[in-house]
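Reviewing the structure listed below.
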Number of protein chains: 2
Amino acid sequence: MDRFLSHFTHRFDAKGRVSIPAPFRQLLAKDGFEGVYAYPSLDQPALDCGGLKLLAEIDALLATMPPWSPARDAFATALLGTSEILRMDAEGRVSLDERLKAALGLSDVAVFVGQGHKFQIWEPSRFQAHLEESRLRVRGLRVKRGSEATV
Amino acid sequence: MDRFLSHFTHRFDAKGRVSIPAPFRQLLAKDGFEGVYAYPSLDQPALDCGGLKLLAEIDALLATMPPWSPARDAFATALLGTSEILRMDAEGRVSLDERLKAALGLSDVAVFVGQGHKFQIWEPSRFQAHLEESRLRVRGLRVKRGSEATV
DNA sequence: TGGGATAGCATGGGACCCCATGGGCGTCAA
DNA sequence: TTGACGCCCATGGGGTCCCATGCTATCCCA
């Protein structure tokens, strides 16, 4: 398996550490760097995470935009400028900044959500709300696509 | 046989495991991964299940959408984020989360329903109700098509 | 045609391992 | 000195693997 799938709920310990889900760690290990590349999600109160592969995808995306264009600058700022490198310990845990936790509304539990090429970290109740909204949107889009509604 | 057909009723054991019906297992084995890809059905209290082929269909759908677009995020969240990777043991059983069982209304028995490219897992009485409704809908559609006698 | 052998399959249960989580200790910087 | 952070070891529970049992349907042979 080569993408981030499924979802996991993990708890922060007294030191502010959380375990990255083991399946996700295995994926991250594949592109060989001992950490997590993360930046605040573009339009959600969540943290987008991934490995070197995600970073490469961002590069590819930026490459499709004209240099020095406002769009490219905006994407570069949002996806690269605000990013953080989270270091993992031997047990596969990372610790989040107090500032970052506050921004995401995190307290003692976090949800890890697979999204294929990346995964997200959410505060549980916020994610629940986001999930409802996403399902509604998907239902709507699926109807529009008509007969192609295989899924 | 290359499709999920027919339906089966199996029992959960004390550890929360159920046997995937043997005909379904044979199909899953064809695309060669020892597990089941599953996610909550979008508009039914059921679990949609399949193998790598089902996952590939979802990937293909996602690939048609621009990266970092709200639509793609919604699909990824609803179809990948809510998914579960159910590993099968040597006897072809999977175990369902207690939370997942609750969401589906499952207690000690589950119905496996073939749907061609995928199959579903239902709580028996809920499935019965769904079946009645489907029958009615089909009758209605058939009348509309004007081909009463043939079907 | 009928009865016994047999294989496939659903189900039960024990043992073990992975993994999430907790906590101690040293190091470095404020 | 103190608090934050990185590194190490400990532990307990859930999940996975492995072996066992009973049922049923099919096949084979008399």
Side-chain angles (χ1 to χ4, degrees), chain A residues 1 4-30 33-38 49 84-102 106-114 119 121-124 127, chain B residues 1 4-30 33-38 47 49 83-103 106-114 119 121-124:
Chain A
M1 201 135 41
F4 298 103
L5 294 175
S6 192
H7 56 106
F8 306 86
T9 301
H10 287 169
R11 160 174 304 277
F12 286 91
D13 66 13
K15 291 181 172 182
R17 300 173 295 186
V18 256
S19 294
I20 303 290
F24 292 1
R25 287 201 307 253
Q26 289 174 10
L27 246 68
L28 292 171
K30 275 190 185 165
F33 102 111
E34 289 298 319
V36 178
Y37 175 74
C49 306
E84 320 222 358
I85 305 296
L86 308 176
R87 246 194 294 271
M88 279 197 306
D89 66 13
E91 286 75 31
R93 292 175 291 195
V94 298
S95 42
L96 297 188
D97 228 65
E98 207 47 57
R99 188 167 35 244
L100 196 51
K101 283 183 68 175
L106 288 166
S107 56
D108 61 335
V109 172
V111 181
F112 295 77
V113 185
F119 66 92
I121 302 180
W122 283 83
E123 189 276 331
F127 174 66
Chain B
M1 181 164 63
F4 297 104
L5 295 174
S6 189
H7 60 102
F8 306 85
T9 302
H10 287 167
R11 162 174 303 277
F12 286 92
D13 67 13
K15 289 181 167 183
R17 298 175 296 186
V18 257
S19 293
I20 302 291
F24 292 1
R25 285 202 307 252
Q26 289 174 10
L27 245 68
L28 292 171
K30 277 189 185 166
F33 112 105
E34 289 298 318
V36 178
Y37 176 74
L47 196 64
C49 305
S83 69
E84 313 266 346
I85 306 299
L86 308 175
R87 244 203 293 267
M88 279 197 306
D89 64 14
E91 287 75 30
R93 291 174 293 193
V94 298
S95 47
L96 297 189
D97 225 68
E98 206 47 56
R99 194 166 17 249
L100 191 54
K101 283 183 67 176
L106 288 166
S107 56
D108 61 337
V109 171
V111 182
F112 295 77
V113 185
F119 65 93
I121 302 180
W122 284 81
E123 190 276 330

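These numbers were taken from a predicted model, which means no experiment stands behind them. Per chain, numbering begins at 1; letters A, B, ... match sequence-line order.
Nucleic acid contact for B:Ala90: none, since no nucleic acid atom lies under 4.0 Å from a heavy atom of the residue. Within the 4.0 angstrom heavy-atom criterion, no nucleotide atom of any strand lies near A:Asp89.
Applying the 6.0 Å contact sphere to CD of B:Glu34 captures no more than 12 heavy atoms from other residues, nucleotides or ligands.
Side-chain proximity of A:Ser95 to the nucleotides D:dT16, C:dG12, D:dG6 is greatest for D:dG6. Closest to the side chain of B:Glu91, from the set C:dA20, C:dG22, D:dC18, is D:dC18. Comparing D:dC19, D:dG15, C:dT21 by their nearest atom to the side chain of B:Asp97 picks out D:dG15.
Distances shorter than 4.0 Å separate none of the side-chain N or O atoms of A:Gln26 from OP1 or OP2 on C:dC18. For the pair A:Arg87 and D:dG6, the criterion of a side-chain N or O lying under 4.0 Å from OP1 or OP2 is met. In this model, the phosphate group of C:dG8 is not approached by any side-chain N or O of B:Arg25 to a distance below 4.0 Å at OP1 or OP2.
C:dG12 atom C1' lies 15 Å from atom NE2 of B:His10, rounded to whole Å. Atom CG of B:Leu96 and atom P of D:dG15 are 11 Å apart (whole Å). Regarding A:Phe12, its CZ atom lies at a distance of 10 Å from the P atom of C:dT21, rounded to whole Å. Summarising the geometry, the separation between CD1 on B:Ile85 and P on D:dG15 is reported as 15 Å, rounded to the nearest angstrom. Rounded to an integer number of Å, the gap from A:Phe8 CZ to D:dG14 P is 17 Å. If you take CD of B:Glu34 and P of D:dC17, they are 9 Å apart, rounded to a whole angstrom. Here the P atom of nucleotide C:dT11 and the CZ atom of B:Arg17 are 11 Å apart, to the nearest Å. In this structure, the CG atom of B:Leu86 is 14 Å from the C1' atom of D:dT16, given to the nearest Å.
We find that A:Asp13 and A:Lys15 are not joined by a salt bridge, their nearest charged nitrogen and carboxylate oxygen being 4.0 Å or further apart.
For a distance-only test at 3.5 Å, the side chain of A:Arg93 qualifies as a donor-acceptor partner of the base of C:dG22. For D:dT16, its base sits under 3.5 Å from the side chain of B:Lys15 at one donor and acceptor pair at least.
Using cut-offs of 30° and 60° on the angle between ring planes, the pair B:Phe119 and B:Phe112 is tilted.
In this structure, the side chain of B:Thr9 does not engage the main chain of B:Val111 through any donor-acceptor pair within 3.5 Å. Side-chain N or O atoms of B:His10 include none that pairs as donor or acceptor with a backbone N or O of B:Val18 at under 3.5 Å.
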